[in-house]
Amino acid sequence: EPGLQNFAAIWERPVYLKVVGNTLLISAVVTPIVVLLAFPVAHLMAHGSARLRRWLIFLVLVPFWTSLLVRAFATAILLQRHGVVNSLLITLGLADEPLPLLYNFGGLLAGCVQVLLPFVIFPLYSSMVRIDPAYMKAAATLGASPVRAFMRIYLPQTIPGIGAGCLLVFILAIGYYITPALVGGAADQMISAFIAFYTTETVNWGLASALGAVLLLSTVVLAVLYGKLALGRQT
């Protein structure tokens, strides 16, 4: 029946509000981690040698072209109790016994970060490659320390790439389904899992559509906000 009863159900039941909040929280945590990891890689691509740039682009594109499902399974294999990561930690003496790296928040972060890195690396590279190296040399000539020159001259020019990368990562993260299902825990359920459940299991298309509308509205709000910020910066 037509009406807003499904949206009212989302608002009235704490479980749905918790899932929406959990989705936004996970996306908000993943985004800065991805940016911090992508920044040095993009910097090397933009200002390193031509040979290093070709190798880095190749290493970033190969997993980018790989199926998301395959990458999620690979993450699960690497992080399992007797996987490569735990074996390496024990060999190096950093852990006495295998650590619980799967089916928890840490495993979910690792899975999301490795998938989303290329979506920040390339926008950052696009911004950094346009920055003239003479700017940093001029700042050093005028007495600025490397840190101050970086913070005052270089970093502001990368803001468009950072903003584009953050928008892409956040939007992609709030709609993730495969990675949380394979490497996340029961407490790390995201809104996409509930949409899939109500679509395929209970065939409650009304509630699934309402949850999908909430997800779509969040994406549109973020896109509009970024557009206004970008236009405001240009003016």
Please tell me whether W55 and I121 are part of a single hydrophobic cluster in this structure, the criterion being side-chain heavy atoms less than 4.5 Å apart.
no

Quick check on the hydrophobic clustering: are V147 and M136 connected, directly or via other members, by side-chain heavy-atom contacts under 4.5 Å?
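Yes; M136 is reachable from V147 via cluster members.
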
Would you call [X] and [Y] a side-chain contact if the rule is heavy atoms closer than 4.5 Å?
| X | Y | answer |
| --- | --- | --- |
| Y16 | V214 | no |
| L155 | I162 | yes |
| P123 | L168 | yes |
| Y176 | V115 | yes |

Side chain to side chain contact (heavy atoms under 4.5 Å, CB included) between L207 and I10, intermediate numbers included
CA-CA 8 Å; L207 193 52; I10 295 175; 4.0 Å; yes

So, taking the atom named CG in L182 and the one named CG in L79, what distance separates them when rounded to the nearest 0.5 Å?
12.0 Å

Atom CG of L56 and atom CG of L44: how far apart are they, to the nearest 0.5 Å?
6.0 Å

Going by the side-chain contact (heavy atoms from CB on, under 4.5 Å) test, name the single residue among F7, Y198, F197 that passes it with L211.
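Between L211 and the candidates, side-chain contact (heavy atoms from CB on, under 4.5 Å) is satisfied uniquely by Y198.
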
Between I191 and the options L24, N22, T23, the side-chain contact (heavy atoms from CB on, under 4.5 Å) test singles out T23

Could you walk me through whether I26 and F105 pass the side chain to side chain contact (heavy atoms under 4.5 Å, CB included) test, one step at a time?
CA-CA 9 Å; I26 292 172; F105 190 72; 3.7 Å; yes

Carefully, step by step, assess F122 and V60 under the rule side chain to side chain contact (heavy atoms under 4.5 Å, CB included).
CA-CA 9 Å; F122 286 114; V60 172; 3.5 Å; yes

If a pair satisfies side chain to side chain donor-acceptor pair (under 3.5 Å) and one of its residues is in residues 124-142, list it, with sequence neighbours excluded.
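Side chain to side chain donor-acceptor pair (under 3.5 Å) check on residues 124-142 returns S126-R130.
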
Test: side chain to side chain donor-acceptor pair (under 3.5 Å). Region: residues 68-92. Which pairs qualify, not counting sequence neighbours?
T75-Q114

Write down the atom of [X], the atom of [Y], and the distance for their closest heavy-atom approach.
| X | Y | value |
| --- | --- | --- |
| S27 | I174 | OG-CG2, 2.9 Å |
| V35 | C166 | CG2-SG, 3.5 Å |
| M190 | V19 | C-CG1, 3.6 Å |
| A72 | V183 | O-CG1, 4.0 Å |
| L116 | V34 | O-CG1, 3.8 Å |
| A46 | V129 | CB-N, 3.8 Å |

Can any side-chain N or O of T158 pair as donor or acceptor with the backbone N or O of G161 at less than 3.5 Å?
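No, the answer is negative, given that no donor and acceptor are paired below the 3.5 Å cut-off.
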
Check step by step if ring-ring contact (aromatic ring centres under 6.0 Å, His included) holds for F150 and H43.
CA-CA 12 Å; F150 175 81; H43 187 273; 7.5 Å; no

Under 3.5 Å, which donor-acceptor pairs link side chains of residues 93-104 to any protein atom two or more places apart or in another chain?
| residue | atom | partner | partner atom | Å |
| --- | --- | --- | --- | --- |
| N104 | OD1 | G106 | N | 3.3 |
| N104 | OD1 | G107 | N | 2.8 |
| N104 | ND2 | P100 | O | 2.5 |
| N104 | ND2 | L102 | O | 3.4 |

